[in-house]
Amino acid sequence: MIGARVFCITTTALRRSPIFFFPKIPTRPVFRLSPATRPIVAMSTTSKNQEELDSIFKQKRVVRSTVRKSLKAMDPSLRTQQDEAIQKTVLEAPWFKSCKGLCAYISCKSLNEVDTSKILSEILQHPDSNTQKKLYVPWVEDKNSNMRMLHISHMEDLVANSMNILEPAPVDAQGNDREDVLQADEPIDLFILPGLAFDRCGRRLGRGGGYYDTFLKRYQDRAKEKGWRYPLMVALSYSPQILEDGSIPVTPNDVLIDALVTPSGVVPITPRATESM
């Protein structure tokens, strides 16, 4: 399970990075019922489950609102500096240089996401090279948290959707369906993830749509079925998005990350990430 592999690393260097503090939020595990549970107990426990989930979702909305305000208030010049520092760190990282296939998000300025344009350009600028990385990017399938990751070879493969966010067209210029990473014959090595807030113990808070958590669970099932090693999960974060450990409420469906790239450098979280650094 993903949640079982995360621990928190703290170093003197990391303490110098700016952290935005929120009150620690106690979250309890969601209890699961066995088939033999009597109906009256099941109803009571299910109701308790729902109450706990409702409380967690409410807490998430509060954190999202606060972080959105902090991101909106960021000085544009500071944002540019942090974009450049984060992308430089990724491009120079051994785990990026060695990966052969990856999924990465296409940054959206209106969502105040960390810029990925230089990372994508670096991947796509040598399409015929033997060292070319195979890149998959998001395509939102519907409004029910269903998202696909489709292969692209050029920036020209991207078109703006109804929200003016760049996505791959589902078919290429020749009318062929783009390759879906969930149907690929080879595994990928790396996920570069967006998010709204993070902590140094691997918790990630998305924007509420559930698209990434849903997709990552599906890819985990695919990797398990094929016997593939699970990709390294790396998120990119501006300084206002890094919260005190324990400030981000989570549910059993939330996927945790292996490492966090900040303006100050890489924060390895899991043992696997530490080995890759």
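Since this is a predicted model, take the numbers as computed values, not measurements. Counting begins at 1 with the first residue of the sequence.
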For this session: Without swapping roles, check the side chain of Arg229 against the backbone of Pro187 for a donor-acceptor pair under 3.5 Å.
Result: no
Problem set entry | Side-chain donor/acceptor of Thr214 to backbone N/O of Tyr211, under 3.5 Å | no
Exercise. Ignoring hydrogens and geometry, is there a side-chain-to-backbone donor-acceptor pair from Ser65 to Arg61 under 3.5 Å?
Worked result: no
For this session: Check whether any side-chain heavy atom of Asn146 sits under 4.5 Å from a side-chain heavy atom of Val140, and report yes or no.
Result: no
Problem set entry | Exam field: side chain Arg222 to backbone Ala184, donor-acceptor pair closer than 3.5 Å | yes
Exercise. Looking at CD of Glu167 and CD1 of Ile152, how far apart are the two atoms once the value is rounded to the nearest 0.5 Å?
Worked result: 11.5 Å
Problem set entry | Any donor-acceptor N/O pair, Glu141 side chain to Met147 backbone, under 3.5 Å | no
Exercise. If you measure from the Lys or Arg side-chain nitrogens to the Asp or Glu carboxylate oxygens, is any gap between Asp172 and Arg178 under 4.0 Å?
Worked result: no
Problem set entry | Euclidean distance, Leu135 CG relative to Met149 CE, rounded to 0.5 Å | 9.5 Å
Problem set entry | Glu186 atom CD, neighbour heavy-atom count above 12 within 6.0 Å | no
For this session: Locate the shortest heavy-atom distance separating Ala259 from Ala273; write the atom from each residue and the value.
Result: CB-CB, 4.1 Å
Exercise. At their closest point, which heavy atom of Leu158 faces which heavy atom of Pro168, and how far apart are they?
Worked result: CD2-N, 3.6 Å
Exercise. Is the closest basic N to carboxylate O distance between Glu84 and Lys88 below 4.0 Å?
Worked result: no
Problem set entry | CG (Asn176) with more than 12 external heavy atoms under 6.0 Å | yes
Problem set entry | Side chain to side chain, Arg79 and Asp75, heavy atoms closer than 4.5 Å | no
Exercise. With distance as the sole test, does Gln132 use its side chain to make a donor-acceptor pair with the main-chain N or O of Ile123 at under 3.5 Å?
Worked result: yes
Problem set entry | Any Leu150 side-chain heavy atom under 4.5 Å of Tyr136 side chain | no
Problem set entry | Phe215 vs Pro138 side-chain heavy atoms within contact, under 4.5 Å | no
Problem set entry | Heavy-atom side-chain contact between Leu193 and Phe198 under 4.5 Å | no
Exercise. Do Arg204 side-chain atoms and Leu256 backbone N/O form a donor-acceptor pair below 3.5 Å?
Worked result: no
Problem set entry | Within 45° cone of Phe96 ring axis and under 6.0 Å: Lys133 NZ or CZ | yes
For this session: Looking only at non-hydrogen atoms, find the nearest pair between Ile165 and Leu111 and report the distance.
Result: CD1-CD1, 4.2 Å
For this session: Could you pull out all residues at least two apart from Gln87 that satisfy side-chain hydrogen bond (donor to acceptor under 3.5 Å, both in side chains)?
Result: Asp115
For this session: Mark yes or no for whether Asp199, through its side chain, and Gly202, through its backbone, hold a donor-acceptor pair below 3.5 Å.
Result: yes
Problem set entry | side chain to side chain contact (heavy atoms under 4.5 Å, CB included) partner of Asp258, chosen from Leu190, Leu232, Val234 | Leu232
Exercise. Is any side-chain heavy atom of Lys134 closer than 4.5 Å to a side-chain heavy atom of Ile188?
Worked result: no
Exercise. Glu113 and Tyr238: side chain to side chain donor-acceptor pair (under 3.5 Å), yes or no, with the steps?
Worked result: CA-CA 8 Å; Glu113 293 176 328; Tyr238 292 123; over 6 Å; no
Exercise. Looking only at atom types and distance, does a side-chain atom of Asp157 sit under 3.5 Å from a main-chain N or O of Ser153, one as donor and one as acceptor?
Worked result: yes
Exercise. If you measure from the Lys or Arg side-chain nitrogens to the Asp or Glu carboxylate oxygens, is any gap between Asp254 and Lys60 under 4.0 Å?
Worked result: yes
Exercise. Should the ring pair Phe191 and Tyr230 be called parallel, tilted or perpendicular, given that the plane angle runs from 0 to 90° and is split at 30 and 60?
Worked result: tilted
Seminar exercise, completed: Applying salt bridge (charged side-chain N to carboxylate O under 4.0 Å, His left out) to Asp189 and not counting sequence neighbours gives none
Problem set entry | Under 3.5 Å side-chain donor-acceptor pair for Ser55 and Gln59 | yes
For this session: Please confirm whether the backbone N or O of Ser237 pairs with a side-chain atom of Thr262, one donor and one acceptor, at under 3.5 Å?
Result: no
